[in-house]
There are 2 protein chains.
Amino acid sequence: MGEMKKDVSLVVIRRLPRYYRYLTELKESGIVRISSKALAEKMQVTASQIRQDLNCFGGFGQQGYGYNVSQLQAAIGDILGLNENHTTIIIGAGNLGRAIANYGSFEKRGYRLIGIFDINPDVVGKVINGITVSHMDTIDEFFQKQKPDIAILTIPKNVAVEVAQKLASLGIRGIWNFSNMDLHMAVEGVEIENVHLSDSLMTLSYKIGKRKGENK
Amino acid sequence: MGEMKKDVSLVVIRRLPRYYRYLTELKESGIVRISSKALAEKMQVTASQIRQDLNCFGGFGQQGYGYNVSQLQAAIGDILGLNENHTTIIIGAGNLGRAIANYGSFEKRGYRLIGIFDINPDVVGKVINGITVSHMDTIDEFFQKQKPDIAILTIPKNVAVEVAQKLASLGIRGIWNFSNMDLHMAVEGVEIENVHLSDSLMTLSYKIGKRKGENK
DNA sequence: TAGATTGTTAATCGATTAACAATC
DNA sequence: TAGATTGTTAATCGATTAACAATC
């Protein structure tokens, strides 16, 4: 009731999936409990950081014992919204769009793909992973019947803003954006997560170059 | 001579590709000069940050004038190693591997794909974007003739460590890792850039969930 | 010259790490 | 109980922002 807990910093949030990953692995290998110290060693972070991060969301541990692996894993999954059964659509059935459509692992985490859209007549009508690609023209109609939560944008950057605004007007809740263009400025009221693959590759090539020039 | 300039922080490096992107766009639309203030507004960051970031690498601007767009763009491209003509190989010709192989934009930035490897007999021998998929068994041989700089790992996580170590032993310089597993602990002397797509999606679903619960 | 804008130093803010009392 | 380990407060470190003299 009116509790005014301060927003958890995004740097903390971005570490949660990594905790989730390690905890899932521990759980699968049958480990029941783990201390922040042991987990920290495994993940190469400090135990302090783990305890601080977790305590943004509540006390999941127990003094003298540590954390129950599967309990903590479930709690983090919950924080991340993995139990909310998000529905997704893919806009752009090019190489990347098709790759994501065929990628099974997201389904396991509770993301359900319910539509694929494109404007290219060569791909509209094709079936990808059991879903028939629809023309973008039919997207209004689609939203009248279904309310997808997340749109996955795998389209060229020159049309990204236009499409994002269209989706926003239809009431999409989040956009997972693979087009090489920042969308957070273009769209209001929709959560945006940009994946800039080429940025990541450039970072790697910087690191390589630096290593080479180390003895300058 | 022995100049001991401190390492530039990785948070700064990760902003460079974004600067590069905006400057390329400005350049393409014919803009010749820009001030840190104007660029900051466009990118929704502070002018201070831009000037601090750039000055990690030298003074690219001019008082009273600002920055020459194409000069600065070229300088950042240089820092990021975009003119070094990195050669790449893809390990894992699944959906994602094929998508990246077919993605043209990397070539434009000076990354040249020279090999694709897999172990699945169904894909070995197939031609993807002009390159015949080779069997992993032939990779030693391949490295004897060619020395690729970067390996793009699009393989299941259970074989990622093994393959990464193999590549390291062959002298790869960087690994762009798409398998859902951290590799920086497993491999010495190789630069690693992890792309955890599912981490990114989970971050998005957290953001959506938070928004929904805003009025609690 | 006067105005604009940099490069850079200083101040602030936020994130990480260390320390330790509480407690299982 | 004694030992272990948390949750949490305090100290440190690093990153961001503000300010301004230098200078084009």
Side-chain angles (χ1 to χ4, degrees), chain A residues 3-19 22-23 26 31-76 79 184 203 206, chain B residues 3-19 22-23 26 31-76 79 184 203 206:
Chain A
E3 59 195 74
M4 199 52 192
K5 215 180 264 176
K6 223 180 92 210
D7 259 19
V8 177
S9 153
L10 195 60
V11 304
V12 174
I13 303 304
R14 288 196 186 284
R15 282 194 291 259
L16 296 183
R18 188 158 181 259
Y19 293 137
Y22 277 82
L23 288 163
L26 287 166
I31 309 239
V32 172
R33 66 163 279 265
I34 194 157
S35 68
S36 59
K37 184 156 172 280
L39 185 58
E41 218 153 282
K42 214 174 160 58
M43 299 183 62
Q44 306 219 310
V45 297
T46 64
S48 261
Q49 181 163 82
I50 293 177
R51 294 206 299 278
Q52 286 277 26
D53 284 356
L54 297 180
N55 278 91
C56 294
F57 303 96
F60 300 109
Q62 192 169 301
Q63 282 104 325
Y65 174 84
Y67 300 86
N68 177 293
V69 170
S70 76
Q71 239 173 258
L72 184 57
Q73 189 252 12
I76 294 177
I79 294 165
H184 49 274
T203 305
Y206 170 85
Chain B
E3 61 195 71
M4 199 53 191
K5 215 181 265 176
K6 221 179 92 213
D7 259 19
V8 177
S9 153
L10 196 60
V11 305
V12 174
I13 303 304
R14 288 197 186 282
R15 283 195 291 261
L16 296 183
R18 187 157 181 259
Y19 293 138
Y22 278 81
L23 288 162
L26 287 166
I31 310 240
V32 172
R33 67 163 278 264
I34 195 158
S35 68
S36 58
K37 182 154 174 283
L39 185 58
E41 218 152 282
K42 213 174 161 58
M43 297 184 63
Q44 306 218 308
V45 296
T46 63
S48 261
Q49 180 164 82
I50 292 176
R51 295 207 298 277
Q52 286 278 26
D53 284 356
L54 297 180
N55 278 91
C56 294
F57 303 97
F60 300 110
Q62 193 168 301
Q63 282 103 325
Y65 174 84
Y67 300 86
N68 176 294
V69 170
S70 74
Q71 240 171 258
L72 183 59
Q73 188 253 12
I76 294 177
I79 293 165
H184 49 275
T203 305
Y206 170 85

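The chains referred to below are lettered A, B, ... by the order of the sequence lines, with proteins before strands, and numbering in each begins at 1.
- When heavy atoms are screened at a 4.0 angstrom cut-off, A/S48 is found touching base atoms of the nucleic acid.
- The distance from atom CG of A/L10 to atom P of D/dT16 is 13 Å, rounded to the nearest whole Å.
- For the pair A/D7 CG and C/dG14 P, the computed distance is 13 Å after rounding to whole Å.
- One distance of note links CD1 of A/I50 with OH of A/Y19; it measures 5.0 Å at 0.5 Å rounding.
- Annotation: side chain of B/L23 is in contact with side chain of B/V69 (closest heavy-atom distance under 4.5 Å).
- A/L72 is not listed as a side-chain neighbour of A/I34, based on a closest heavy-atom distance of 4.5 Å or more.
- A/I13 has its CD1 atom 11 Å from the P atom of C/dA15, to the nearest Å.
- Put simply, CD1 on A/I50 is 16 Å from C1' on C/dA15, counting in whole angstrom units.
- Atom CD in A/Q49 sits about 14 Å away from atom P in D/dG14, given to the nearest Å.
- Looking at A/F60 and A/Q71, their side chains never come closer than 4.5 Å, going by heavy atoms from C-beta outward.
- Between B/F57 atom CZ and C/dG7 atom P the separation is 14 Å, expressed in whole Å.
- Taken to the nearest 0.5 Å, the OG1 atom of A/T46 stands 8.5 Å off from the CZ atom of A/R51.
- Between B/Q44 atom CD and D/dT17 atom P there is a gap of 13 Å when expressed in whole angstrom units.
- Side-chain contact between B/I76 and B/L54: present, with at least one pair of heavy atoms (C-beta onward) separated by less than 4.5 Å.
- When atom types are taken as modelled, the side chain of B/R15 and the backbone of B/Q49 share no donor-acceptor pair closer than 3.5 angstrom.
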Self-check item: Heavy-atom protein contacts under 4.0 Å, nucleotides 1-6 of chain C, coded B base, S sugar-phosphate only, - none
Solution: ---BBB
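- Considering only side-chain N and O atoms, B/R14 lies nowhere under 4.0 angstrom from the phosphate OP1 or OP2 of D/dA15.
- With pairs defined as Watson-Crick or G-U wobble and both atom distances under 3.5 Å, the stems of at least three pairs that touch DNA chain C come out as C:3-24 with D:3-24.
- B/F57 CZ to B/L16 CG: the interatomic distance, rounded to the nearest 0.5 Å, is 5.0 Å.
- Straight-line distance from the CG atom of B/D53 to the P atom of C/dT8: 14 Å, rounded to whole Å.
- Residue B/T46 has no polar side-chain atom (N or O) positioned under 4.0 Å from OP1 or OP2 of D/dT16.
- Listed nucleotides: C/dA15, D/dA10, D/dT16. Nearest to the side chain of A/Q52: D/dA10.
- To the nearest 0.5 Å, the span separating CD1 on A/I13 from CG on A/D53 amounts to 9.0 Å.
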